[in-house]
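One structure is given below, encoded as structure tokens.
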Amino acid sequence: MISGIRAALLAALLSWSGAAVADDWGLDELGQALADAPDGRIAFREERSIAFLAAPIIVTGYVARQDGRIEKHVVAPKRESVILDGSHMEVESEEGWQSYDIDDHPALRGLATALQAGLTGRFGPAEDLFDIDVTGDRAAWSVILLPKPGPIAEAIKAIALTGAAARIDTIEIREADGDRSLMTLRRGSE
């Protein structure tokens with residue numbers, strides 16, 4: 001379930017431009033920059049590497065953020081929509097519609113908490129579940145989230161974000177089973 005839904009949650013950490021960044025750069029400054037960035041929509045290309053497949057799956061579409069609500073719309077290879085609003089997630093695909101309370105799924109809750117922290121700028125809740133390391137400066141930064149021991153660590157090995165100022169360029173999820181997802185956000189092609 002994590003590999004199918006993780007891509008939807010990745011959308012929570014979109015790259016939004018226009019937020020000012022302080023000269024001191026760390027988790028607080030990054031969180032504030034991401035929180036101050038305007039709502040909007042951006043195109044993505046995601047490469048999903050799954051252990052039992054010979055080649056990665058390429059997924060394209062767009063993600064949108066509005067008032068804390070996150071939507072991911074996959075347009076290829078097949079249509080799928082995922083909406084995350086607080087702890088409620090809805091997934092609609094050709095196979096049907098499903099609704100989840102992410103609080104009922106510890107690993108999913110951890111992933112959503114980490115990604116929502118980046119979106120809201122409040123990393124406090126994520127720090128309860130992850131060890132968080134920020135490196136670089138406002139011109140080029142990276143954030144690594146390593147799950148603390150428990151159900152999250154059983155499913156997720158690490159989450160890595162890269163970007164500049166209030167813009168996230170890539171979001172990578174490495175799962176404990178060896179599967180990997182790398183989302184590249186594409187400006188100018190919305």
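Along the sequence shown, residues are numbered consecutively beginning with 1.
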Query raised in the report: Applying the 4.5 Å side-chain criterion to the ILVMFWY set and letting contacts propagate, would Y62 and V59 be lumped into a single cluster?
Result: no
**Report entry** Contact check, side chains of E47 and R180, non-hydrogen atoms, under 4.5 Å
**Finding:** yes
Report summary line: OG1 (T170) and CG (L182) are apart, to the nearest 0.5 Å, by 6.0 Å
Query raised in the report: salt bridge (Lys or Arg N to Asp or Glu O under 4.0 Å) with R79: which residues, sequence neighbours excluded?
Result: none
Query - side-chain contact (heavy atoms from CB on, under 4.5 Å) involving E94 - partner list, sequence neighbours excluded - result: K78
Side-chain donor-acceptor distances from residues 143-158 under 3.5 Å, at least two apart:
from	atom 1	to	atom 2	distance (Å)
K148	NZ	E127	O	2.8

Requested in this report: Mind checking side chain to side chain donor-acceptor pair (under 3.5 Å) for S87 and listing every partner two or more places apart, or none if nothing turns up?
Outcome: none
Query raised in the report: Looking at CZ of R109 and CD1 of I102, how far apart are the two atoms once the value is rounded to the nearest 0.5 Å?
Result: 8.5 Å
Requested in this report: Is it possible for you to say whether V74 and L53 belong to one hydrophobic cluster, with membership spreading through side-chain heavy-atom contacts below 4.5 Å?
Outcome: yes
Report summary line: Hits for side chain to side chain donor-acceptor pair (under 3.5 Å) against S93, two or more places apart or cross-chain, chain-then-number order -> E95
Report task. List, by chain and then residue number, the residues other than I58 in its hydrophobic cluster (Ile/Leu/Val/Met/Phe/Trp/Tyr, side-chain heavy atoms under 4.5 Å); write none if there are no others. Result -> none
Query raised in the report: Going from CG on L84 to CD on E90, what distance comes out if it is rounded to the nearest 0.5 angstrom?
Result: 10.5 Å
Query raised in the report: If we only count heavy atoms from C-beta on, is the I171 to F44 side-chain gap below 4.5 Å?
Result: no
Requested in this report: Please work out whether the ring planes of W141 and W25 are parallel, tilted or perpendicular, with thresholds of 30° and 60°.
Outcome: tilted
Query raised in the report: How many angstroms lie between NZ in K72 and CD in E46, if you round to the nearest 0.5 Å?
Result: 4.0 Å
Query - Atom pair OG (S99) and NE2 (H88), whose distance is rounded to the nearest 0.5 Å - result: 3.5 Å
Query - Hydrophobic cluster membership, I57 vs I173, 4.5 Å side-chain cutoff - result: yes
Query - E80 CD to E92 CD distance, which is reported to the nearest 0.5 Å - result: 10.0 Å
Report task. Check whether any side-chain heavy atom of R186 sits under 4.5 Å from a side-chain heavy atom of R45, and report yes or no. Result -> yes
